[in-house]
Amino acid sequence: MELDYTYGKGKNQWNTDTEIYNTSLTIKWRPVEKTIYQSLSWTTEHSYTDTRDSTNGALRGLSSWIQWQFDRRWWLQTRLEAADPVKLEPFGANANIKRSFLIAFTPTEYSALRFQYDSINLKSLPKDEQRFMLQFSVSMGPHPAHAY
Amino acid sequence: MHTKLIFLSAFVCCLAHAELKIVTSTTTLASVTKSIAGNLAKVTSITKGPQDPHYVEAKPSYMLLLRDADLYIANGLDLEVGWLSNVLRGAKNPNILEGSTGFLNAGEYTEALEVPVGKINRAEGDVHPLGNPHFLLDPKRIEKLAIAIQEKLSALDAKNKSIYKSNSESFIKTLKQKVTEWKIRIKKTGVKTVITYHKTLNYFLDFSEVKLASSIEPKPGIPPTPKHVLGLLETIRSHDIKCILVESFFETDSAAKLKKDTGIAFFSVPTEVESTPEAKDYFSLIDSLVTSLEKCSKN
């Protein structure tokens, strides 16, 4: 289990202060037997930003995602993100919401193929946006455990 | 005055029973260490028996365990390369850092097999640059390690030196008797060639004079590909291979497929103490492996 709290403060474009508070909780699970074939990770993060003199004032966001490794090289993930101004009802009917679902296959340690579906509900747009994405990524560099 | 005396005697009593705190990387190392330390030390392993020691996540609880340790015994030969340095750094215990008196690298007491030559790269899979690290599965390599552990314990706890020496001699005596028994049992099996999943059992096969025809993994750490499995079918059909030994922390689906297509038997075998219910200590671990070769010979 990992618990994280972050705070930041600095000057913004209106020459007033912006304060950021962020809290996250991650729970990880991996079986003792057949360790490399299954794992589960669940993270929930809450952010609060107070920008004085901006149009919206304080904003808050919540995101939560679950990642499930169901075979040595296969993953499923679902993610929910919500954000809205603090002056409104917390994460109510007027919140901006994004829902994602992805399945990933990692053929090698240095490559990954993933298919992702996003449903984005922004209050500033007349209707929801549906997005499909197929991504293949290749990374370079040493194998993490060794220098080669 | 009376209260002071009671307090002092309680303190002396606890000092007399103070035991060494020893942490090892694996349960197999813990078992060997317990045989030599007896009840003079509390021995704890970071990895659990059924766990694959290659893949361990450095948890804060390991650091807490190491913070108070008097001795850390590592397998060495880069087995713990992915996690040990993080755990040692987080423990903030200078007494057990590599090079300190409270650190013992078991791998320094053997001559490793399969040390790669020339330039190595990731194309060869998860290659260990210092050689195959699973040497504890060759019982003939344990004697030197047992003496090294005895000497280390004696250096840390000189007043019990004679007990550690006696325990070590007793362990080595039993080991030598067992080696003779195991050799006779292995010879009787007539098993000459096997297939394994990973290269974990290579030291045991070297001890047993059994050849490794191939591994289910095409390269160390790389899961089997359909092409490689097809190649294995051909190897099994064209050679006198008695069985497949699958290390207990790996899946058995690939071996089951090979069994379905060729009729070859497969057995899930322990590679660490406590990885199966039979492998209760070092001797029963090796005994289980010898038994698996005996089962092979019946197929």
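Chain A is the first sequence line, chain B the second, and so forth, proteins listed ahead of strands; every chain is numbered from 1. Only this structure's heavy atoms are used, side chains among them; waters, hydrogens and symmetry mates stay out. Quantities reported herein were computed from a predicted structural model and do not represent experimental measurements.
Here the OG atom belonging to B/Ser275 is positioned 9.0 Å from the CD atom belonging to A/Glu33, to the nearest 0.5 angstrom.
Of all heavy-atom pairs spanning A/Ile36 and B/Tyr55, the tightest one is CG2-CD1, 3.2 Å. Residues A/Tyr37 and B/Phe249 come closest through the heavy atom pair CE1-O, 3.8 Å. Considering every non-hydrogen atom in both B/Ile222 and A/Arg73, the closest pair reads CA-NH2, 4.4 Å. Residues B/Phe250 and A/Lys34 approach most closely at O-CE, 3.3 Å, considering heavy atoms.
Within 6.0 Å of NZ on A/Lys11 lie more than 12 heavy atoms contributed by other residues, nucleotides or ligands. When the shell of 6.0 Å around NZ of A/Lys123 is examined, it contains more than 12 heavy atoms from other residues, nucleotides or ligands. Other residues, nucleotides and ligands contribute more than 12 heavy atoms inside 6.0 Å of the CH2 atom of A/Trp29. Within 6.0 Å of the CZ atom in A/Arg99, the count of heavy atoms belonging to other residues, nucleotides or ligands does not exceed 12.
Between A/Arg72 and B/Glu251, every side-chain heavy-atom pair lies at or beyond the 4.5 Å cut-off.
There is no contact between B/Thr47 and chain A, counting heavy-atom distances below 4.5 Å.
For residues 128-138 of chain A, an interface with chain B (any heavy-atom pair closer than 4.5 Å) does not exist.
Evaluated for a side chain to side chain contact (heavy atoms under 4.5 Å, CB included) with A/Thr35, the options B/Lys48, B/Gln51, B/Glu57 yield exactly one hit, B/Gln51.
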